[in-house]
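Here the structure comes first, spelled out in C-alpha cells, and everything after it is commentary.
Note that this is a predicted model, so its numbers are computed, not measured.
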Amino acid sequence: FDVPLVHAHKLYSDAIRNCSGLIRTARGPSMSCTPGKVEVTGVEEIMGQKAFVLRFLQCRDEAWIGRPFFAKYDEKAVWFDDLEPLSGMELPWNE
C-alpha cells in the first residue's frame with residue numbers, strides 16, 4: 001500500500017503532539033532508498049515555494065548525513081523516487 005508523504009507527515013505530527021516528552025525522541029516518517037535512509041522533517045516555504053524538508057539519517061555519502069535538503073511539495077509523492085528538486089536547487093543524489 002502507498003501513503004503519500006504529506007499524509008504520513010501529518011499523521012506523525014498529530015500523533016507526536018499528543019504524546020509525553022519521553023516519546024518525542026521518535027523520528028518522523030522515514031524511508032529506505034538507494035542513497036540511504038531519508039527522514040521527512042517537515043513542510044516549509046523556501047524561496048516562495050512550498051517544499052518538503054528532508055534529511056538523511058544514513059547515506060552512502062557521509063557528508064549528507066544530518067544535512068537538510070529540500071524537494072518540491074507534491075501531495076501525490078509516496079516515495080523518494082517521486083521527489084523532484086526545488087527550483088534553483090539540486091537534490092544531493094543528483095550532484
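Residues meeting the ring-ring contact (aromatic ring centres under 6.0 Å, His included) test with Y73, sequence neighbours left out: F52.
Closest non-hydrogen pair, M31 versus V40, comes out as CE-CG2, 4.2 Å. Shown here for V3 and A8, the closest heavy-atom pair between the two residues is CG1-N, 3.9 Å. For the pair L86 and K50, the tightest heavy-atom approach, listed with the atom from each and the gap, is CD1-O, 4.0 Å. In terms of heavy atoms, A71 sits closest to L54 at CB-CD1, 3.8 Å.
Here the side chains of S32 and K37 are in contact, with some heavy-atom distance below 4.5 Å. At least one side-chain heavy atom of M47 sits less than 4.5 Å from a side-chain heavy atom of M89. Using a 4.5 Å heavy-atom cutoff, the side chains of S87 and K72 are in contact. Counting only heavy atoms from C-beta outward, the side chains of L83 and V38 never approach each other to under 4.5 Å.
Note on I46: it does not cluster hydrophobically with F56, by side-chain heavy-atom contacts below 4.5 Å among ILVMFWY residues. Put simply, L5 and F69 are part of the same group of oily side chains (I, L, V, M, F, W, Y) that touch within less than 4.5 Å, one to the next. Linking Ile, Leu, Val, Met, Phe, Trp and Tyr residues whenever their side-chain heavy atoms come within less than 4.5 Å leaves F70 and L57 in two separate clusters.
D14 places no side-chain N or O within 3.5 Å of a backbone atom of L11 that could act as its donor or acceptor partner. Put simply, the side chain of T41 gets close to the backbone of V53: a donor and an acceptor are under 3.5 Å apart.
Environment of CD in Q49: crowded, with over 12 heavy atoms of neighbouring residues, nucleotides or ligands closer than 6.0 Å.
The CZ atom of F80 lies 4.0 Å from the SG atom of C33; values are rounded to the nearest 0.5 Å. The distance from atom CZ of R67 to atom CG of D61, rounded to the nearest 0.5 Å, is 8.0 Å.
Comment: R55 engages E39 in a salt bridge, judged by a side-chain N to carboxylate O separation of less than 4.0 angstrom.
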